[in-house]
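All values reported here derive from a predicted model rather than from experimental measurement.
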Amino acid sequence: MKHLVIAMLALGLAACETAPGKGIDARGGVMASLGKGPLTPAALVGAAPSAISARLGEPDFRRAEPHAEIWQYTGGDCSLFVYFYETDGGALGSRYVDARKLEGGAASKDTCLAAVMAKRNTPVS
């Protein structure tokens, strides 16, 4: 019986673990760091503003709203937008990344992020 209880606790804890890359730490907060691995638009989602600015630098434009911020990075012929919203704990965490062509319309998020990083001489990995 004791082994069954231990096994159930272990399974319960494993079920609570956040999937890699989702950006939420074990306490339910946003990621404090993006690490040094390859940077992708998906990796930006769930990250704290400090983690993104550590990898991409300060945004070219920042708009603050109640409980939210939008950051814009320009690169080549596109703009990369990172949307931050307050979490339940009150900290900002990115929830969405978008890329737009300068002349209007959707742009590839991967290509735009690469252009932003190249413009800022940021290593991709």
Backbone N/O of Gly46 and side chain of Ser94: donor-acceptor pair under 3.5 Å = yes
Sequence neighbours left out, what passes side chain to side chain contact (heavy atoms under 4.5 Å, CB included) with Pro41? Give chain and number order.
-> Val97, Lys109, Asp110, Leu113
Residues pairing under ring pair (Phe, Tyr, Trp, His ring centres under 6.0 Å) where one sits in residues 45-64, two or more places apart or in two chains, turn out to be none
The complete set of disulfide bond (SG atoms under 2.5 Å apart) pairs with one or both residues in residues 47-76, sequence neighbours excluded, reads none
Which value, rounded to the nearest 0.5 Å, describes the distance between Phe81 atom CZ and Asp98 atom CG?
-> 7.5 Å
For Glu58, what residues pass the side-chain hydrogen bond (donor to acceptor under 3.5 Å, both in side chains) criterion, not counting sequence neighbours?
-> Arg62
Contacts of Phe84 meeting ring-ring contact (aromatic ring centres under 6.0 Å, His included) (sequence neighbours excluded), chain-then-number -> Trp71
Write down the atom of Ala107, the atom of Lys101, and the distance for their closest heavy-atom approach.
-> CB-N, 3.7 Å
Does any pair with a residue in residues 45-115 pass disulfide bond (SG atoms under 2.5 Å apart), and if so which ones, sequence neighbours excluded?
-> Cys78-Cys112
All side-chain hydrogen bond (donor to acceptor under 3.5 Å, both in side chains) counterparts of Thr40, not counting sequence neighbours = none
Kindly write out the residues that satisfy side chain to side chain contact (heavy atoms under 4.5 Å, CB included) with Ala68, not counting sequence neighbours, or none if the list is empty.
-> Glu65, Tyr85
Carefully, step by step, assess Leu56 and Val82 under the rule side chain to side chain contact (heavy atoms under 4.5 Å, CB included).
-> CA-CA 11 Å; Leu56 295 179; Val82 182; 5.5 Å; no
Do you know the tightest heavy-atom contact between Thr87 and Arg95?
-> CG2-NH2, 3.1 Å
To the nearest 0.5 Å, what is the distance between CZ (Arg63) and CD (Gln72)?
-> 11.5 Å
Qualifying disulfide bond (SG atoms under 2.5 Å apart) pairs, either residue in residues 36-72, two or more places apart | none
Residues at least two apart in sequence or cross-chain that pass side-chain hydrogen bond (donor to acceptor under 3.5 Å, both in side chains) with Thr74, listed by chain then number, are Asp60, Lys119
Salt bridge (Lys or Arg N to Asp or Glu O under 4.0 Å): pairs with one or both residues in residues 74-88, sequence neighbours excluded | none
Looking at Ala51 and Ala47, what are the two nearest heavy atoms and their distance?
-> CB-CB, 4.2 Å
Which pair of non-hydrogen atoms, one from Leu102 and one from Gly76, has the smallest distance, and what is that distance?
-> CD1-O, 3.6 Å
